[in-house]
Protein chains: 2
Amino acid sequence: MIKVLVVDDDQDLRDNLVEVLSDNGFSPSSAENGEDALEKLQADKFDLVLLDSVMPGMDGMETLPLIKRAYPKTRIIMLTAFSTVNSAVEAMRSGADDYITKPFKIDELLVAVRRCLEEAKFGVCEELLNSDDMFKCLANATRRKVLMLLYRESKLRFMDMTRQLKIDDHTKVNFHLKILKEAHLIEQDGRKNYQLSPQGKKIVTCMSSIAAD
Amino acid sequence: MIKVLVVDDDQDLRDNLVEVLSDNGFSPSSAENGEDALEKLQADKFDLVLLDSVMPGMDGMETLPLIKRAYPKTRIIMLTAFSTVNSAVEAMRSGADDYITKPFKIDELLVAVRRCLEEAKFGVCEELLNSDDMFKCLANATRRKVLMLLYRESKLRFMDMTRQLKIDDHTKVNFHLKILKEAHLIEQDGRKNYQLSPQGKKIVTCMSSIAAD
DNA sequence: TTTCTTTGTGAAGAAAAATTATCAACTATA
DNA sequence: TATAGTTGATAATTTTTCTTCACAAAGAAA
């Protein structure tokens, strides 16, 4: 289900958009200003934010770069009543994916929303193609076992790892660790302890949603 | 953030648990009966459900198997005031991961919660190790490209695929399609159209959260 | 209908890549 | 200085991928 966050101070518009989005198969939530929006974004993942630029409290232009920095993969469409070329350009430069002027027809918005998400699909595809090292790395059972160990134990020395893996040839373990390091799935701290990298953590947690039920 | 759903008809207890869980670094929500719980579960993913067995409306024992069937990876701890060996056994057989009798000390509950989630971690590890075919399958760029194509186009014929992939030898494409089929990442409908399997869809959407920002 | 082209599938051996085994070092540290 | 821990380089082996050939089914063309 595609989650959309509607951020606007006008409750009527908000409720209206939520209803329309819901009717069109999206899962919408709403927020009435920037602070509220950031809170909602922290609590939940959204695919798309519809962001009003003028609001009391933290306004849209202020919120936009904050959202983009914290959640780079979330798409943002700016909605604005007082539109100038400059403000539009500025919004796009700050990371908005599209820009719509009020008043707008609901269909116009839906077209933009769909196009925006379609482009996001493209992004996913790029990533699928460009993370070759990562996938090659995950293709080996020993290496996955290493990830699993580090997920459970969080930190391990080289020799402790080989013992836990029950592999008697330690140079073999070393070979795999090297590949894992090169794919940035694990890293070493100052004391040569191996641990999952942020990337590595993401992957392991992701497995739970991928693997068969 | 680990999400916990507290299901109990006693509002005091509910509020109390939500507060405690929140203080202990969890992200809790609450529901007051079975129907309510199922709705919340549908709207959002939860890692753990604390489920009261006796409630007006749909009670816990009734709700338990429904939750387990729909969300097999969600952990469930039953909470119950009138405890017998039989009811405990029955709950466990229906898929509860733990069983606590009321009244309980809050620490007792937290211990159970943590252990439960720890065991879930174990489950993730199992999956990491046992889905060898899938990872082997994803290790190849051509095969990932196929997944990507099917993600965008949803359905494709054999020859359309080879053309889009710009591979002139169609038997090579076939080789990879076979492997994808064997790993259950794609499937064919009656008219021999290739499409993503449910598994395959999950993987592609998962990529967006794995790949580097 | 027969023939030809496009589409779709399978399999075996060659080529390329990944993995293992072996040997050789270097670094702490007790 | 021993001893365990750690890493790298290389050849041998196994797996994966590519190439080539063979073949069957469906539809178009003669």
Side-chain angles (χ1 to χ4, degrees), chain A residues 128-150 153-197 200 203, chain B residues 128-150 153-197 200 203:
Chain A
L128 250 177
L129 299 184
N130 295 333
S131 31
D132 205 67
D133 285 354
M134 193 193 79
F135 286 109
K136 287 257 157 71
C137 198
L138 288 171
N140 180 285
T142 307
R143 292 197 285 265
R144 291 202 303 276
K145 224 179 257 178
V146 169
L147 290 181
M148 173 201 93
L149 269 181
L150 289 175
E153 316 263 335
S154 66
K155 279 198 179 193
L156 278 174
R157 292 266 180 72
F158 179 79
M159 268 300 151
D160 294 327
M161 193 114 68
T162 64
R163 271 186 286 270
Q164 292 225 34
L165 291 168
K166 289 174 189 156
I167 295 175
D168 37 1
D169 180 2
H170 58 275
T171 71
K172 183 169 153 185
V173 176
N174 188 54
F175 167 82
H176 289 293
L177 287 177
K178 207 168 147 190
I179 292 176
L180 279 160
K181 260 190 287 181
E182 281 163 8
H184 305 290
L185 298 187
I186 64 173
E187 51 197 20
Q188 274 176 297
D189 66 6
R191 277 175 217 74
K192 301 201 172 183
N193 289 306
Y194 286 91
Q195 59 192 356
L196 289 180
S197 72
I203 286 167
Chain B
L128 250 178
L129 299 183
N130 295 334
S131 30
D132 205 67
D133 285 353
M134 193 194 78
F135 286 109
K136 288 256 158 74
C137 198
L138 289 171
N140 180 284
T142 306
R143 291 195 287 264
R144 291 203 302 278
K145 223 178 260 181
V146 170
L147 290 182
M148 173 201 95
L149 270 181
L150 289 175
E153 316 263 336
S154 67
K155 278 199 180 195
L156 277 175
R157 294 265 181 73
F158 179 79
M159 271 297 150
D160 294 327
M161 192 116 65
T162 64
R163 272 187 285 271
Q164 291 224 35
L165 291 168
K166 288 173 190 158
I167 295 175
D168 36 1
D169 180 3
H170 63 279
T171 70
K172 181 169 156 185
V173 176
N174 188 55
F175 168 80
H176 289 293
L177 286 177
K178 204 170 150 193
I179 293 177
L180 280 159
K181 262 190 285 181
E182 280 163 10
H184 305 289
L185 298 187
I186 64 173
E187 52 195 21
Q188 274 176 296
D189 66 7
R191 277 173 218 74
K192 302 203 173 182
N193 288 306
Y194 285 92
Q195 58 191 358
L196 289 181
S197 72
I203 286 169

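Quick note on labels: first sequence line is chain A, next is B, and so on, each numbered from 1.
With respect to B/Leu150, the side-chain contact (heavy atoms from CB on, under 4.5 Å) criterion is satisfied by exactly one of B/Leu185, B/Leu156, B/Asn193: B/Leu156.
Nearest to the side chain of A/Lys178, among D/dA9, C/dT9, C/dT7, sits D/dA9. Here C/dT7 is the nucleotide among D/dG8, C/dT7, D/dT17 with the atom lying nearest to any side-chain atom of B/Met159. When distances run from any side-chain atom of A/Arg163 to the nucleotides C/dG8, D/dT7, D/dG5, the shortest one goes to D/dG5.
Nucleic acid contact class of A/Arg143 (heavy atoms, under 4.0 Å, all strands): sugar-phosphate only.
Summary for the helix from C/dT1-D/dA30 to C/dA30-D/dT1: the axes at its two ends, each from 5 pairs, differ by 20° when rounded to the nearest 10 degrees.
If B/Leu177 and A/Lys136 are placed on DNA chain C by their nearest nucleotide, the residue sitting closer to the 5' end is B/Leu177.
Taking every heavy atom of both residues into account, A/Ser154 and A/Gln195 meet most closely at O-CB, 3.3 Å. In plain terms, the two heavy atoms of B/Ser197 and B/His184 that are nearest each other are OG-O, 2.7 Å.
The side chain to side chain donor-acceptor pair (under 3.5 Å) search around A/Lys181 returns A/Gln188, not counting sequence neighbours. Residues passing the side chain to side chain donor-acceptor pair (under 3.5 Å) test with B/Lys155 are B/Asp189, sequence neighbours excluded.
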Can you give each donor-acceptor pair under 3.5 Å made by side-chain atoms of residues 170-180 of chain B, sequence neighbours left out, with the distance rounded to 0.1 Å?
| from | atom 1 | to | atom 2 | distance (Å) |
| --- | --- | --- | --- | --- |
| B/Thr171 | OG1 | B/Asp169 | OD1 | 2.9 |
| B/Thr171 | OG1 | B/Asp169 | OD2 | 3.3 |
| B/His176 | ND1 | B/Arg143 | NH1 | 3.1 |

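Using a 4.0 Å cut-off, no side-chain N or O of A/His176 falls inside it from OP1 or OP2 of C/dA18. One finds a side-chain N or O of A/Tyr194 lying less than 4.0 angstrom from the OP1 or OP2 phosphate oxygen of D/dT7. Within the structure, every side-chain polar atom (N or O) of A/Asn140 is placed at least 4.0 Å from both OP1 and OP2 of C/dA18. Within the 4.0 Å cut-off from OP1 or OP2 of C/dT7, not a single side-chain nitrogen or oxygen of B/Gln188 is found.
In this structure the side chain of A/Lys136 never reaches within 4.5 angstrom of the side chain of A/Asp133, judged on heavy atoms. Looking only at side-chain heavy atoms (C-beta outward), A/Lys145 and A/Met148 come within less than 4.5 Å of each other.
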Identify the pairs formed between an N or O of the protein and an N or O of nucleotides 28-30 of chain C at a distance under 3.5 Å, and give each distance.
none

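Against DNA chain C, the stretch residues 164-174 of chain B makes heavy-atom approaches under 4.0 Å through B/His170, B/Thr171, B/Asn174.
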